[in-house]
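Here the structure is laid out as structure tokens; the discussion comes afterwards.
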Number of protein chains: 2
Amino acid sequence: MCCRNRHSENFFKGAVYGIKILKTIALFSGLSADQLETLSYIAVRKAYKRGEMIFHEGNKGNGIYIVETGRIKVFKLSMDGKEQILHVYGPGHTFGEVPVFQGKNFPASSMALEPAGIIFLPRDRFVKLITSTPALGMNMLADLSRRLRDFTVQIEALSLKEVPARLAAYLLTLSREQNNEARVSLPISKAQLSNLIGTTPETISRMFKKMGDAGLIAVQTRTIEIQDKEGLKELSESGRL
Amino acid sequence: MCCRNRHSENFFKGAVYGIKILKTIALFSGLSADQLETLSYIAVRKAYKRGEMIFHEGNKGNGIYIVETGRIKVFKLSMDGKEQILHVYGPGHTFGEVPVFQGKNFPASSMALEPAGIIFLPRDRFVKLITSTPALGMNMLADLSRRLRDFTVQIEALSLKEVPARLAAYLLTLSREQNNEARVSLPISKAQLSNLIGTTPETISRMFKKMGDAGLIAVQTRTIEIQDKEGLKELSESGRL
DNA sequence: ATAAAACCTTGATCTGAATCAAGACACTAC
DNA sequence: GTAGTGTCTTGATTCAGATCAAGGTTTTAT
């Protein structure tokens, strides 16, 4: 029927390789082998195709999701179809957890940006585990806190910074995440990037060109060479090209 | 010295009236009398004057704060002094908790908007309590989840809605919070309101006038009469006056 | 009651970036 | 290798709302 998930599912069910995978996830850091094994019986593995929806805003929240492979976006849409991306996540990251602890529905939608493997933990079982595993609860609190901090930065950017500053800040963040001061690789298309930092593809193009002309960067399709890191930093703070 | 707090402090220390106050706070809902008593020994009461800073962005996070009386704002400033308010909170609300679970520093600043009584719970003692009180941990997770949901709404508003829609949405939210469909009272000045919804005092004035002329509302200084709730709803969704 | 401070309103002007259109470039499927 | 699809770039135009200035109103302190 219309609601049947098209993506395939399978289970770890105590398998050693499953426990190994779960062990690499920051949320489960500090958990014992027993606890990880319990988790492996709860976990459902799902595979999504590029462009496939993982959940829709307003649908009932049913559990917590973790990216195992690939990349996903969490986003909201306006009534006339404009998209604001809240997060783009890769392996190890959790998402979809707001309704787990607060009830109600998903506050945003999620979609696979490329073929993605997702680990799903059903709500009731996960909440039960958290209650009996204080370390997991503390990790979850840390996770949500990090998310809150990220949102304050995003609100600050959207409200207090102009587009050039937001783009410069994004490139600097990417540079830190990719541990590379000289060159970064865009993990998403420029159109998706424009929806993440709150602008349009045309504006991204114009800003990249201006930043190139100013000697700050050199753009090669999806690879950006950082030529003047200090200049980029200054642009991310003051805003003016 | 420069860091001495000017606000006065006192303690509940097991007092019955203190336990009564703590019992009214949603975060402590479901806690036993013993647990509430333990909390009362941890809690520090502080009084702030209007305009007094509670904490500064970038300072080391030292604990969790709860509004007992009055009203506070949590905000960020740009380099040229523009302010974006993240939250305005009244009695019962918690704030300042991001660094408690994630370490690092306060991601934003906080200030009393009027004389305010604040309950402060030092970090180490609070974390210890959470570890030994699963119900408190679950309440905290629910609290942070609610905060995350609020932020997604704020990001959606800032990025996908124009100012008239944001103002209409704010009035509708106020109406729900104040349980009054016909009239709302602005809890903050119009200048502060402009910093909350991401615009300027001049624009707030112009929008209120236009909305008044369109028969949606009638403004009397800090009291707003809602004349066309459906119209306001439509404006909050479609955006166009 | 009055002065000072804080807040708000109105008018005029400016601007960053969205929108629309059109075409070029890159990638994918066959 | 080629056609189709998706993505990106460039030019021209428009506009929502910011900025600046000035004066009015409300609130607070004495």
Side-chain angles (χ1 to χ4, degrees), chain A residues 49-51 73 78 80-85 111-115 157-168 185-213 217-224 235 238-241, chain B residues 49-51 73 78 80-85 111-115 157-168 185-213 217-224 235 238-241:
Chain A
K49 296 184 179 70
R50 177 180 193 271
K73 69 183 175 184
S78 70
D80 56 359
K82 282 174 69 182
E83 173 184 84
Q84 173 62 49
I85 294 177
M111 174 191 283
L113 288 173
E114 59 197 60
L158 285 171
S159 175
L160 301 176
K161 290 182 175 182
E162 292 172 357
V163 176
R166 302 211 288 270
L167 184 55
S185 166
L186 295 181
I188 50 182
S189 70
K190 289 176 184 172
Q192 294 290 271
L193 171 55
S194 69
N195 290 353
L196 175 65
I197 71 171
T199 184
T200 62
E202 296 95 323
T203 303
I204 294 283
S205 263
R206 296 190 227 278
M207 296 304 158
F208 270 155
K209 189 169 193 325
K210 274 175 119 178
M211 288 162 84
D213 291 347
I217 58 174
V219 183
Q220 289 107 34
T221 313
R222 298 262 291 245
T223 299
I224 317 280
L235 174 58
S238 74
R240 262 359 211 288
L241 253 167
Chain B
K49 297 185 179 66
R50 176 178 194 271
K73 68 183 176 184
S78 70
D80 55 1
K82 283 174 67 181
E83 172 185 84
Q84 173 63 49
I85 294 177
M111 173 191 283
L113 288 173
E114 58 196 59
L158 286 170
S159 175
L160 301 177
K161 290 184 176 182
E162 294 170 355
V163 175
R166 302 210 288 267
L167 183 54
S185 167
L186 295 181
I188 50 181
S189 71
K190 288 177 184 174
Q192 294 290 271
L193 171 56
S194 70
N195 290 353
L196 177 65
I197 72 171
T199 183
T200 62
E202 296 95 322
T203 302
I204 293 283
S205 262
R206 295 190 228 277
M207 295 304 159
F208 270 155
K209 188 169 193 325
K210 276 176 116 181
M211 290 163 82
D213 290 347
I217 58 174
V219 183
Q220 289 106 35
T221 316
R222 298 259 293 243
T223 299
I224 316 278
L235 174 59
S238 73
R240 261 2 211 287
L241 254 168

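Labels below follow one simple rule: chain letters A, B, ... track the order of the sequence lines, proteins then strands, and each chain is numbered from 1.
- A/Arg50 comes within contact range of the sugar-phosphate backbone alone, with a heavy-atom separation under 4.0 Å but no base atom that close.
- Taking 4.0 angstrom as the limit, B/Thr199 places none of its side-chain polar atoms (N or O) nearer than this to OP1 or OP2 of D/dG17.
- The residue A/Gly198 sits close only to the backbone: its heavy atoms come under 4.0 Å of sugar-phosphate atoms, none of a base.
- Listed here is the closest heavy atom pair of B/Gln192 and B/Ile85: O-CD1, 3.5 Å.
- Between atom CD of residue B/Glu162 and atom CG of residue B/Leu235 there is a gap of 10.0 Å, rounded to the nearest 0.5 Å.
- For the pair B/Arg50 and B/Pro115, the minimum side-chain heavy-atom distance is below 4.5 Å.
- Between B/Met207 atom CE and D/dA16 atom P the separation is 9 Å, expressed in whole Å.
- Rounded to a whole Å, the NZ atom of A/Lys49 is 17 Å from the C1' atom of C/dT28.
- Per the geometry, CD belonging to A/Glu162 stands 10 Å off C1' belonging to D/dA18, to the nearest Å.
- Two residues are said to be in side-chain contact when any heavy atoms from C-beta on lie closer than 4.5 Å; B/Leu167 and B/Thr203 fail this criterion.
- A donor and an acceptor atom never sit less than 3.5 Å apart when one is taken from the side chain of A/Glu202 and the other from the base of D/dC8.
- Within 3.5 Å, no donor on the side chain of A/Arg206 pairs with an acceptor on the base of C/dG16, nor the reverse.
- The separation between A/Met211 atom CE and D/dT9 atom P is 13 Å, rounded to whole Å.
- Of the candidates C/dA17, D/dG17, C/dT9, D/dG17 carries the atom nearest the B/Pro164 side chain, counting heavy atoms from C-beta on.
- To the nearest angstrom, P of D/dC8 lies 11 Å from CD1 of A/Ile224.
- For the pair B/Ile188 and A/Val163, nearest-nucleotide mapping onto DNA chain C gives the more 5' position to B/Ile188.
- Taking atom CD of residue B/Glu114 and atom P of nucleotide C/dC7, one finds them 13 Å apart after rounding to whole Å.
- B/Ser205 contributes no side-chain N or O that, together with a main-chain N or O of B/Glu202, makes up a donor-acceptor pair within less than 3.5 Å.
- Separating the CD atom of B/Gln220 from the P atom of D/dT26 is a distance of 12 Å, rounded to the nearest angstrom.
- Minimum atom distance to the side chain of A/Ser189 is reached by D/dC8, of the listed C/dA18, D/dC8, D/dG17.
- For the pair B/Gln192 and A/Thr203, nearest-nucleotide mapping onto DNA chain C gives the more 5' position to B/Gln192.
- Within the structure, every side-chain polar atom (N or O) of A/Lys82 is placed at least 4.0 Å from both OP1 and OP2 of C/dA18.
- Contact check, B/Lys190 against C/dT9: a side-chain N or O comes under 4.0 Å of OP1 or OP2.
- Look at CD on B/Gln84: it is 15 Å from C1' on D/dA18, rounded to the nearest Å.
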